[in-house]
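Here the structure is a predicted model, which means the values were calculated and not measured.
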Amino acid sequence: MAVKLILTDIDGTILPRGRRCVSERTVSAFHAALAAGIAVGPASGRGYSWIPDFFGGDVACCATALATNGMQVYLGAEKAMERTLAADALEAVRTIVAETPRAGLVCFDDATPLLVEGSVADLASHFPAYAERCRVTRALPDFPVIKANVFTGAGERAAAALVARLNAEVTALDVDRAMPTYSNIMPRGWNKGTAVAWMAERLGVGLDEVVVFGDADNDLPMFSAVPNSVAVSGATGEAANAARWHIGACEDDAVAAAIEGLAAGEWPFVG
């Protein structure tokens, strides 16, 4: 089968927890795919401005990209599509978060996190780099918001209850479980899966010519959209169950090894 597009989640899939850059092997594998005529790039919940640094500034590795959970699509290093979150719906989220103990809401001004609700300490427990750069505002931004996240320092059960309430009461938005206690916010019905389909159509690529890699619940829509979905070892149970194929661990460069095989015209998945 000819593969024409490869997309991979970043955190926990090609970027081990606690590291700031992907491995040299991963960068090399991306370039091998590009040299073979395969479009390759990240599909991440991260905002696009954060992504090049994960590849050591090598912009070729993210010239094709889904960023902000599919809210931003880049083709040929140019922004091809961008969606924003409805201001009134975000205000409804803020109200619920404000009355929920230890819950937080962070919006982004490009690469700058704006802490609207919650504590810096709880934000740091999820993403230290966000806490280091964040500006405490205690108010929603006055510009259209592309990326926003909710989080809690009260544990997984509290996070599940918060996400369930937000999804039930704020019907214009979807809130996922990207991490057990950290969630992405998207317009209702828009996610990595719909963004992959949008990108594939623009590139003239069939969904059966796409391979996607992931590890978390926010990758589930992408796994549903593409027949050849691949979970790394250590993925959440739901992501592992949803994936068609399974490979080794992020820490062992399993995705890089698979991309090397695809670039060489091999099919590296079995079972």
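- The environment of Glu24 atom CD is sparse: at most 12 non-hydrogen atoms of other residues, nucleotides or ligands sit within 6.0 angstrom.
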Is there a side-chain contact (heavy atoms from CB on, under 4.5 Å) between Lys192 and Asp9 once you walk through the steps?
CA-CA 10 Å; Lys192 284 186 180 182; Asp9 176 57; 3.1 Å; yes
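- Atom CZ of Arg165 sits in a crowded spot, with more than 12 heavy atoms from other residues, nucleotides or ligands closer than 6.0 Å.
- A salt bridge is defined here as a Lys NZ or Arg NE, NH1 or NH2 lying under 4.0 Å from an Asp or Glu carboxylate O, and Asp253 with Arg25 fails to meet this definition.
- Between Tyr182 and Phe127, the gap from one ring centroid to the other is short of 6.0 Å.
- Between Trp50 and Tyr48, the gap from one ring centroid to the other reaches at least 6.0 Å.
- Judged by the 6.0 Å distance and 45° axis criteria, Arg202 is positioned over the aromatic ring of Trp198.
- Results of the side chain to side chain contact (heavy atoms under 4.5 Å, CB included) test with Leu140 over Leu85, Val145, Leu105 single out Leu105 as the only residue that passes.
- If you check the side chains of Ser49 and Asp110, you find a donor sitting under 3.5 Å from an acceptor.
- Side-chain N or O atoms of His126 include one that pairs as donor or acceptor with a backbone N or O of Thr181 at under 3.5 Å.
- With Asp176 as the partner, the side-chain hydrogen bond (donor to acceptor under 3.5 Å, both in side chains) test is satisfied by one option alone out of Asn167, Asn149, Asn191, Asn184: Asn184.
- In Arg20, the CZ atom is not crowded: 12 or fewer heavy atoms of neighbouring residues, nucleotides or ligands sit closer than 6.0 Å.
- Separating the CE atom in Met199 from the OG1 atom in Thr64 is a distance of 6.0 Å, to the nearest 0.5 Å.
- No more than 12 heavy atoms of other residues, nucleotides or ligands sit less than 6.0 Å from atom CZ of Arg135.
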